[in-house]
2 protein chains.
Amino acid sequence: MPKKVDHEARRQEISEALWRLASARGLEGASLRDVAAEAGISLGRLQHYFRSKDEMLLFALRHINRLAGDRIRERIEALPGEPTPREVLRACLSGMLPLDERSRVGVLVGAAYFTRAAYDETLRAEAKNGIPQLRTLFADQLRRAAERGELPPERATEDEAMLLIGMVDGLSTYVLLDVYDGRTALRMLDGHLARLFEVNGAAAGAPVAGGG
Amino acid sequence: MPKKVDHEARRQEISEALWRLASARGLEGASLRDVAAEAGISLGRLQHYFRSKDEMLLFALRHINRLAGDRIRERIEALPGEPTPREVLRACLSGMLPLDERSRVGVLVGAAYFTRAAYDETLRAEAKNGIPQLRTLFADQLRRAAERGELPPERATEDEAMLLIGMVDGLSTYVLLDVYDGRTALRMLDGHLARLFEVNGAAAGAPVAGGG
DNA sequence: ACTTTCACAAGTCGCTTGTACCGTTATAAC
DNA sequence: GTTATAACGGTACAAGCGACTTGTGAAAGT
């Protein structure tokens, strides 16, 4: 038997090259030759690791979804001490906004995939994948906040959790379109959270200062 | 001089063929030949009305934006009697959701353009175009509601208006992804409006029943 | 009647695309 | 040392792309 190569690692490298191109020129603007060139390998080699373009796109989508999940989890664990539900929520939501280069690429790639997912059933199934998890995570935090008296109980719903996800998505959209910048989006997010966590007209939960 | 043809009308017909394809297969899946076939004309004729593909895409974007604006205005005017600010807001916002086939195509096309706009400056400038108008319209309604005592004054801000736009955008995204359906999105939108229009823990403004 | 010019249809051009396939090298097993 | 096979690099190919050119018929102006 000849030498063995870590296929998973090679595939991830190629995926990352694809993301760089997709965030700069869109998914359709990234041909196999372009991706190979960006990854610094030959077209033949790329084809050795992905039998077709669709296979590459699907792998890259799964990979970026996995990284996005890791990122969320990292941000939660990075919170100091015993974080309040509100702090957890803010960390997750602000982590989904395109505030730095890394998350900007992530959101751009996600948008590119979304457009395809709208008419590609395979991609759509994959893109929807993480949403229920995220909704559950957020709903859990809302319930926890309600138990602590930091949130009116009637606001601790799955709908509210879903609304939060949708809102961050909408904010991200307009940041990418340069309608406003990341700081403004963050301010609007904080405004929404502040009103969400209002109990009898007063702020509740731990307000958080600064940071992305 | 030979016979004269209404160029504007021809261009609109071609644009509509493009939308049908774009909503079904995405913008990149619509070649000039495909659009011509969908419009039932020859490639040569299409090129007679659009010198380049970019010109066609730009015209179609402007056209769909104009129709979207018309739709909003129609919905406001269709409201019976002297509509409250809340009724106006709900009519506009629900009109932006992909609830029927027409608006579904509109949102799909908008999404396809958005993906391109992320890395195409010309399209981005055009796509941003209607936003400030919409924000102003919404902010005006919020202020009017605050004056009528139906909304706490501190919520009558430009940020709140922008947040509404972003939220509908996010909801639309997930409707297209089949995460939930249009009715659910509408329920979530109504939930948000209900809380927005809460004064001292009680509902204010005119609650609206049913309808899209 | 003649000319001009619009409104097309059809074909061609150079280029890029995804995919298939061939040839070569290197390495591990026997 | 032979063989089998993973790991490539390189090339060829059919299809499709946008852009461009050419040809034709007809109607309006003179």
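Note on naming: letters A, B, ... go to the chains in the order of the sequence lines (proteins, then strands), and numbering restarts at 1 for each one.
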Length of the CD-P vector between A:Glu28 and D:dC17, whole Å: 13 Å

Plane angle bin for B:His7 and B:Tyr49 - parallel if under 30°, tilted between 30 and 60°, otherwise perpendicular: perpendicular

Test: B:Arg71 and B:Asp100 ion pair at under 4.0 Å: yes

Length of the CD-P vector between A:Gln47 and D:dA12, whole Å: 15 Å

Selected nucleotide, minimal atom distance to B:Ser31 side chain, candidates C:dA20, D:dG18, D:dA7: D:dG18

A:His7 vs D:dA7: side-chain N/O to OP1/OP2 distance below 4.0 Å: yes

Atom pair distance, as rounded to whole Å: CZ in B:Arg51 and P in D:dC20: 10 Å

Whole-Å distance separating the CE atom of A:Met56 from the C1' atom of C:dT17: 12 Å

Sugar-phosphate, base or nothing in reach of B:Leu32, heavy atoms under 4.0 Å: sugar-phosphate

Proximal nucleotide (of C:dT17, D:dC8, D:dA19) relative to the A:Asp34 side chain: C:dT17

Earlier contact from the 5' end, DNA chain C, for B:Leu43 and B:Arg10: B:Arg10

OP1 or OP2 of D:dG9 under 4.0 Å from side-chain N/O of A:Arg45: yes

Salt bridge present between A:Arg116 and A:Glu28 (N-O < 4.0 angstrom): yes

Whole angstrom value for the distance that separates C1' of D:dG18 from CG of B:Leu57: 12 Å

Rounded distance in Å - NE2 (B:His48) to P (D:dG23): 18 Å

Residues A:Arg183, A:Asp181: salt bridge by 4.0 Å N-O rule: yes

Interatomic distance where CG belongs to B:Leu46 and P belongs to C:dA10 [whole Å]: 15 Å

Short N-O contact, B:Arg25 and B:Glu38, less than 4.0 angstrom: no

Protein-nucleotide distance (B:Lys53, atom NZ; D:dC20, atom P), rounded to Å: 15 Å

Base of D:dG16 paired with side chain of B:Arg33 (donor-acceptor, under 3.5 Å): no

Contact under 4.0 Å: A:Tyr49 side-chain N or O vs D:dA7 OP1/OP2: no

